[in-house]
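Protein chains get the first letters and strands the later ones, always in sequence-line order, with residue 1 at the start of each. When reading the values below, keep in mind they use all heavy atoms of this one structure, side chains included, and skip hydrogens, waters and symmetry mates.
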Amino acid sequence: MTAPIALIDCNNYYVSCERAFDARLVGVPVIVLSNNDGCAIARSAEAKALGIKMGDPIHHLRDKVRVHGIRVLSSNYTLYGDMQRRVVAACEAFARDFEIYSIDETFLDLSGFEDRDLVAHSRAMREQVRLWTTIPTCVGIAETKTLAKLANAVAKKDRRFDGVADLRDDDARHDVMQAFPVENVWGVGGATARKLNALGIETAGALRDMPMKQARAVGTVVLERLVAELRGVPSNAVEKVEPQRKGMAVTRSFGTPVTTFDSMMGALSQYAMRAGEKLRQHGLVAARLTTFFHTNRHKPERPQYAGSRTIVLHPMTNDSLELIAAARRGAERAWRDGYAYTKAGIMLDDLVASDMRPRTLFEGDADKRDRLMDALDQINGRFGKWTAVTASQGFRREWKLRSEMRSPAWTTSLAEVPTVSAL
DNA sequence: TCTGGGGTCCTAGGACCC
DNA sequence: TCTGGGGTCCTAGGACCC
């Protein structure tokens with residue numbers, strides 16, 4: 001008997017976080033926009049009922065927003081990240097181990113809890129989360145992560161389950177899988193779904209019953225493992241320790257298109273600065289930095305250009321000033337005049353823990369630089385992001401992104417904590 | 001006419017996820 | 001006018017080696 005796995009998933013997470021601090025958002029349609037206020041990335045149940053889809057561009061929704069009085073918010077990742085810690089803390093006593101899978105989903109290893117009524121156990125956990133954060137959740141229980149995902153999806157959609165679905169039993173999951181569209185299975189995207197449909201495979205049940213060899217031919221080892229998971233054979237473990245990350249990126253769309261090299265370097269310097277901060281937070285150094293920028297791909301009638309260059313960082317580094325210098329070298333090589341750039345970014349690859357990095361003969365004043373970076377992080381951490389900047393970041397920042405409807409930092413900034421008055 | 005048979009490493013790109 | 005920002009894993013194919 002394999003250990004039970006649960007997936008707890010927050011409902012309409014970003015909207016639920018916003019509602020935790022603004023009761024006026026409860027019971028009305030609400031959407032939260034992507035960075036740069038571009039498209040809808042979270043919708044309340046009321047907004048979903050109005051036909052608003054994930055990723056709908058806001059400028060296509062103006063009429064609906066007006067007619068139905070939809071509340072529109074910019075995203076507030078500081079708030080959502082902080083609320084996530086609280087959600088996970090509320091679950092802590094209910095599982096032996098965890099894998100935080102995304103900002104609103106956590107896999108739980110329930111081994112050691114098998115002798116309990118796991119549905120009641122999960123209900124108690126949901127209640128705890130709701131009590132500490134007000135956030136509504138659903139829970140799926142099964143023998144593998146893929147089945148727990150599926151269980152979670154039906155717990156959310158099918159009212160009979162009332163928010164908690166336990167599909168460990170073969171009989172319990174048979175009917176559910178026969179009715180579950182194959183394109184909604186975790187790991188089956190558009191391309192794979194089309195291939196499977198062409199073979200007459202349209203449900204999770206049919207995918208489970210597909211021959212392994214055929215699965216491999218259609219979707220490589222990835223699909224083969226997925227089929228095993230649907231059969232209740234784990235091939236994707238709950239990762240209890242956070243795996244070493246392999247790359248990281250800081251990329252943004254611009255509020256206004258960028259046409260000059262100096263302005264582009266302003267943005268790239270800012271991203272490289274942030275990338276350095278992220279590396280240092282995680283105790284990592286990078287071996288390669290890629291700079292890229294491109295024009296608006298949604299406007300094929302305009303002149304298009306996409307440039308990118310990769311610079312090898314030798315020695316490996318997490319020094320923001322060196323990252324900026326590398327970003328500049330890459331940008332100089334990739335730059336073309338005469339285009340309106342709408343997005344740019346920095347990607348770092350081949351990350352290694354900084355105490356494991358190979359030493360070289362030419363490191364010079366590495367310690368001094370480390371202390372400078374420490375000081376920079378502390379100043380900006382304490383007094384705000386834009387306190388200490390490099391000259392290349394510039395001061396005009398016409399490229400900075402739009403975020404016109406962002407809620408306050410309710411939980412992470414003393415200046416913005418909510419005030420409550422009692423009469 | 002006809003041009004070996006392995007390896008490894010690296011990169012680009014596809015597919016998928018939230 | 002206006003379309004997010006992160007990540008992961010896998011494969012194919014080229015460069016290079018013996």
Sugar-phosphate only, base, or nothing, as touched by Arg288(A) at under 4.0 Å among non-hydrogen atoms: sugar-phosphate

For DNA chain C, the residues among residues 222-230 of chain A that have a non-hydrogen atom under 4.0 Å from it: Val222(A), Arg225(A)

Modelled atom types, side-chain donor and acceptor of Tyr80(A) and Glu18(A), under 3.5 Å: yes

Lys53(A) vs dT3(C): side-chain N/O to OP1/OP2 distance below 4.0 Å: no

Sugar-phosphate only, base, or nothing, as touched by Val32(A) at under 4.0 Å among non-hydrogen atoms: nothing

Name of the residue among Phe254(A), Trp335(A), Phe292(A) meeting ring pair (Phe, Tyr, Trp, His ring centres under 6.0 Å) with Tyr341(A): Trp335(A)

Touch class at under 4.0 angstrom, heavy-atom based, for Gly190(A) against every strand present: sugar-phosphate

Atom pair distance, as rounded to whole Å: OH in Tyr13(A) and P in dG4(C): 22 Å

Length of the CG-P vector between Leu348(A) and dT8(C), whole Å: 12 Å

Ile8(A) CD1 to dC18(B) C1', straight-line distance once rounded to whole Å: 17 Å

Test item: side-chain donor near acceptor, Ser44(A) and Asn12(A), under 3.5 Å: no

Sugar-phosphate only, base, or nothing, as touched by Gly345(A) at under 4.0 Å among non-hydrogen atoms: nothing

dT1(C) OP1/OP2 closer than 4.0 Å to side-chain N/O of Arg62(A): no

Counterpart residues, side chain to side chain contact (heavy atoms under 4.5 Å, CB included), relative to Ile100(A) (two or more places apart): Gln84(A), Val88(A), Thr106(A)

Distance test, side-chain N/O of Ser253(A) to OP1/OP2 of dT3(C), below 4.0 Å: no

Ring geometry between Phe107(A) and Trp186(A) (parallel below 30°, tilted from 30 to 60°, perpendicular above 60°): tilted

dG6(C) OP1/OP2 closer than 4.0 Å to side-chain N/O of Thr251(A): yes

Dot-bracket pairing map - DNA chain B, Watson-Crick plus G-U, both contacts under 3.5 Å, | cross-strand: ....||||||||||||||

Nearest-Å distance for atom pair OH/C1', residues Tyr80(A) and dG6(C): 16 Å

Distance, rounded to the nearest Å, where Glu105(A) contributes CD and dC16(B) contributes C1': 14 Å

His59(A) side-chain proximity, nearest of dT3(C), dC18(B), dG6(C): dT3(C)

Sugar-phosphate, base or nothing in reach of Asp104(A), heavy atoms under 4.0 Å: sugar-phosphate

Arg309(A) side-chain N/O to Arg329(A) backbone N/O, donor-acceptor pair under 3.5 Å: no

Side-chain N,O (Lys246(A)) to OP1/OP2 (dC9(C)) below 4.0 Å: yes

Ionic contact status for Asp349(A) with Lys246(A), cut-off 4.0 Å: no

Between Asp82(A) and Thr411(A): side-chain donor-acceptor atoms closer than 3.5 Å: yes

Given dC18(B), dG7(C), dC16(B), the nucleotide with the shortest approach to the side chain of Arg245(A): dG7(C)

Pairwise 5' ranking along DNA chain C for Lys343(A) and Thr220(A), keeping only the more 5' one: Lys343(A)

Under-4.0 Å salt bridge between Arg173(A) and Glu143(A): yes

C1'-based separation of dG4(B) from dC16(C) [nearest Å]: 16 Å

Closest to side chain of Ala249(A), choosing from dC17(B), dG7(C), dG4(C): dG7(C)

Arg302(A), nearest nucleotide to its side chain (from dA15(B), dC2(C), dC18(B)): dC2(C)

Ile103(A) CD1 - dT8(C) C1' separation (whole Å): 18 Å

Lys278(A) side-chain proximity, nearest of dT11(C), dG6(C), dC18(B): dG6(C)

Nearest listed nucleotide, side chain of Ser34(A), among dC2(C), dG4(C), dC10(C): dG4(C)

Whether Asn318(A) side chain and Leu284(A) backbone form a donor-acceptor pair below 3.5 Å: yes

Spacing of Ile41(A) atom CD1 relative to dG7(C) atom C1', expressed in whole Å: 15 Å

Distance-only side-chain donor-acceptor flag, Arg328(A) / Ser269(A), under 3.5 Å: no

Sugar-phosphate, base or nothing in reach of Thr192(A), heavy atoms under 4.0 Å: sugar-phosphate

Atom pair distance, as rounded to whole Å: CD1 in Ile100(A) and P in dC18(B): 17 Å

